[in-house]
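Read through the structure below, which is laid out as structure tokens, and then see the notes.
No experiment lies behind these values; they were computed from the predicted model shown. Each chain gets a letter, A, B and so on, in the order its sequence line appears, and its residues count up from 1.
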Number of protein chains: 2
Amino acid sequence: MVPPVNSSGSTKERILGAAELLFAQRGFDGASLRQLTAAAGVNLAAVNYHFGSKDKLVEEVFRRRLDALNERRLAALASIAGAPQTTLEDVLEAFIRPALDLSHDDSGALFMRVLARAFAEHDDTLRQFLSVNYGHVMRQFTAEFARLLPQLSKEELYWRIDLVTGALTHAMSGFGMIQRKSDVSERAHREQTAQHLIRFAVAGLSHP
Amino acid sequence: MVPPVNSSGSTKERILGAAELLFAQRGFDGASLRQLTAAAGVNLAAVNYHFGSKDKLVEEVFRRRLDALNERRLAALASIAGAPQTTLEDVLEAFIRPALDLSHDDSGALFMRVLARAFAEHDDTLRQFLSVNYGHVMRQFTAEFARLLPQLSKEELYWRIDLVTGALTHAMSGFGMIQRKSDVSERAHREQTAQHLIRFAVAGLSHP
DNA sequence: CGGCCGTTCAAACGATCGTTTGAGCATACG
DNA sequence: CGTATGCTCAAACGATCGTTTGAACGGCCG
């Protein structure tokens with residue numbers, strides 16, 4: 001039988017883990033399958049056997065994390081959206097908190113950097129994949145922002161969300177100047193990042 | 001004689017122009033010397049002859065634009081820094097306006113995207129080059145921000161500047177959702193970008 | 001036991017990368 | 001005129017890339 005859908009486990013998981021690490025460190029083009037499979041302790045051909053191609057592997061790295069992440073984002077949003085006492089902070093929390101919790105897992109934190117890279121690289125294939133599969137999430141959040149900021153024109157709101165996205169991508173990826181101090185745990189640092197980010201975003205979104 | 005410092009002009013300029021375009025479109029690794037030299041209409045070996053290596057070419061692309069850009073930034077800052085009536089808007093103007101003027105030139109606008117890529121790619125060599133050669137510019141602006149925002153702790157200020165940097169990089173690079181509408185000139189669009197950016201940054205920097 | 005099938009493996013494929021080479025060209029100068 | 005010099009050119013170098021191949025392995029079932 002031709003290799004079917006198979007969740008063998010160990011080899012696929014090892015590849016996905018190593019891919020997350022190396023993609024975060026060197027980018028999608030920068031990380032070669034030889035480095036990747038060596039890091040995972042598997043044979044070079046295993047990637048094409050289990051995933052079909054390098055591009056499919058990249059998509060799978062995203063799918064594995066984003067499916068769960070965005071489900072939790074939408075659930076958090078649904079529990080507050082439309083309520084009269086909901087604040088901007090609540091909506092931003094709903095977006096950022098699931099990403100923060102993902103970072104409990106060490107490799108989950110890495111994924112945030114992979115995600116930031118996807119935005120930075122101008123690869124249209126990848127951007128289209130993200131837009132098609134997860135665009136509805138951003139649309140739902142945008143709708144709730146629009147409800148909470150009725151004084152803003154649609155254009156003005158889009159501008160501000162766009163700028164917030166830039167700050168968020170920058171901060172969550174760890175690309176900026178701010179580095180975690182050695183006496184602060186990874187978990188505490190990301191919590192701090194989220195706090196700064198939320199207050200910053202609220203100010204940027206709601207200024208007159 | 002071994003090839004000396006030589007400003008022959010045409011060939012070097014054509015290479016730099018094509019490099020700016022292709023680096024902006026496909027990244028530094030993504031743009032090959034063969035594509036680049038073909039676009040420039042010069043021989044493949046010309047890059048290594050005139051610049052020594054691809055890495056040196058990348059540095060030269062930055063140096064050509066950043067030298068002039070940051071000189072104008074520092075001049076604009078010097079003319080307002082320390083004055084009692086100077087506002088946050090003034091300082092942000094001093095930083096953003098020269099970049100905006102650079103975009104008068106079409107290829108100048110491209111350079112903004114090249115710059116954003118440099119921040120996104122995690123290449124330590126390039127980041128170090130930028131930090132060593134142009135770090136003093138960011139330091140001067142940070143000092144002026146500190147003067148205008150005395151109520152902020154040093155740490156708080158750094159966080160906010162970092163987030164502003166993210167938004168700025170995102171917006172100036174054209175990576176975001178916001179696309180120029182066909183009935184708006186490139187010049188007007190970048191002016192609009194700057195206006196949104198400055199108001200957004202002021203709100204993000206100065207919120208209580 | 002014997003055959004099957006999912007998986008792993010070393011090896012090779014062709015393509016493309018940055019860089020180097022050495023001949024060829026044109027201009028300037030003794 | 002003849003030689004040196006700055007530059008361009010086609011061709012090749014070795015390295016590395018993603019992908020493919022076909023043999024070998026190993027557990028499971030008839």
Side-chain angles (χ1 to χ4, degrees), chain A residues 1-23 25-62 114 117-118 121 123-126 129, chain B residues 1-23 25-62 114 117-118 121 123-126 129:
Chain A
M1 190 194 282
V2 184
V5 185
N6 183 333
S7 57
S8 82
S10 186
T11 295
K12 284 185 80 168
E13 286 303 318
R14 285 225 296 279
I15 290 174
L16 286 169
E20 216 160 41
L21 173 62
L22 287 178
F23 287 161
Q25 287 177 343
R26 324 191 196 199
F28 304 109
D29 280 359
S32 76
L33 289 186
R34 283 171 177 80
Q35 298 168 343
L36 202 156
T37 50
V42 304
N43 187 270
L44 168 62
V47 169
N48 283 279
Y49 177 77
H50 285 285
F51 298 95
S53 70
K54 185 180 182 180
D55 284 343
K56 295 292 185 67
L57 169 61
V58 172
E59 290 190 3
E60 195 55 34
V61 167
F62 280 101
V114 177
R117 257 193 200 280
E121 309 211 357
D123 185 326
D124 278 338
T125 308
L126 189 54
F129 168 82
Chain B
M1 190 196 280
V2 184
V5 185
N6 182 332
S7 57
S8 84
S10 187
T11 296
K12 283 185 80 167
E13 286 303 318
R14 285 226 297 279
I15 290 174
L16 286 169
E20 216 160 42
L21 174 62
L22 288 178
F23 287 160
Q25 287 178 342
R26 323 189 199 201
F28 304 109
D29 281 358
S32 76
L33 289 186
R34 282 170 179 81
Q35 297 168 344
L36 201 155
T37 50
V42 304
N43 187 270
L44 168 62
V47 169
N48 284 278
Y49 177 79
H50 285 285
F51 299 95
S53 69
K54 186 180 182 180
D55 283 344
K56 295 290 184 68
L57 169 61
V58 172
E59 290 189 4
E60 195 56 34
V61 167
F62 280 100
V114 177
R117 256 193 200 280
E121 309 212 356
D123 186 325
D124 278 338
T125 308
L126 189 55
F129 168 81

message: Applying side chain to side chain contact (heavy atoms under 4.5 Å, CB included), can you list everything that pairs with Leu22(B), at least two apart in sequence or on another chain?
response: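 Side chain to side chain contact (heavy atoms under 4.5 Å, CB included) check on Leu22(B) returns Gln25(B), Arg26(B), Ala31(B), Gln35(B), Leu36(B), Ala39(B).
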field: side chain to side chain contact (heavy atoms under 4.5 Å, CB included) partners of Leu16(A), counting only residues at least two apart
entry: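 Residues passing side chain to side chain contact (heavy atoms under 4.5 Å, CB included) with Leu16(A): Glu13(A), Phe51(A), Leu57(A), Glu60(A), Val61(A), Arg64(A).
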- prompt: Taking all non-hydrogen atoms of both residues, which atom of Phe62(B) and which atom of Ala118(B) are closest, and how far apart?
  reply: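 Distance-wise, the nearest heavy atoms are CZ-CB, 3.5 Å.
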Close side-chain approach of Val58(B) to Phe129(B), heavy-atom, < 4.5 Å: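 No. Closest side-chain heavy atoms not under 4.5 Å.
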message: Between Thr37(B) and Asn43(B), is there a side-chain heavy-atom distance shorter than 4.5 Å?
response: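 In short, these two side chains do not touch, never coming nearer than 4.5 Å.
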- prompt: When you check the phosphate oxygens OP1 and OP2 of dG6(C), does a side-chain N or O of His50(A) lie under 4.0 Å from one of them?
  reply: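 Checking His50(A) against dG6(C): no side-chain N or O falls below 4.0 Å of OP1 or OP2.
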Can you check the [X] [atom1] to [N] [atom2] distance for me, whole Å?
{"X": "Leu22(A)", "N": "dT16(D)", "atom1": "CG", "atom2": "C1'", "answer": "16 Å"}
{"X": "Ile15(A)", "N": "dT8(C)", "atom1": "CD1", "atom2": "C1'", "answer": "11 Å"}
{"X": "Asn43(A)", "N": "dC9(C)", "atom1": "CG", "atom2": "P", "answer": "5 Å"}

Just the atom pairs and distances: protein N or O near nucleotides 18-23 of chain D's N or O, under 3.5 Å.
residue	atom	partner	partner atom	Å
dG18(D)	OP1	Lys54(A)	NZ	2.4
dG18(D)	OP2	Leu33(A)	N	2.9
dG18(D)	N7	Arg34(A)	NH1	2.8
dG18(D)	O6	Arg34(A)	NH2	2.7
dT19(D)	OP2	Asn48(A)	OD1	3.4
dT19(D)	OP2	Lys54(A)	N	2.8

- prompt: Say you draw a straight line from CG of Leu33(A) to NZ of Lys54(A); how long is it, rounded to the nearest 0.5 Å?
  reply: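 Rounded to the nearest 0.5 Å, the CG-NZ separation comes to 5.5 Å.
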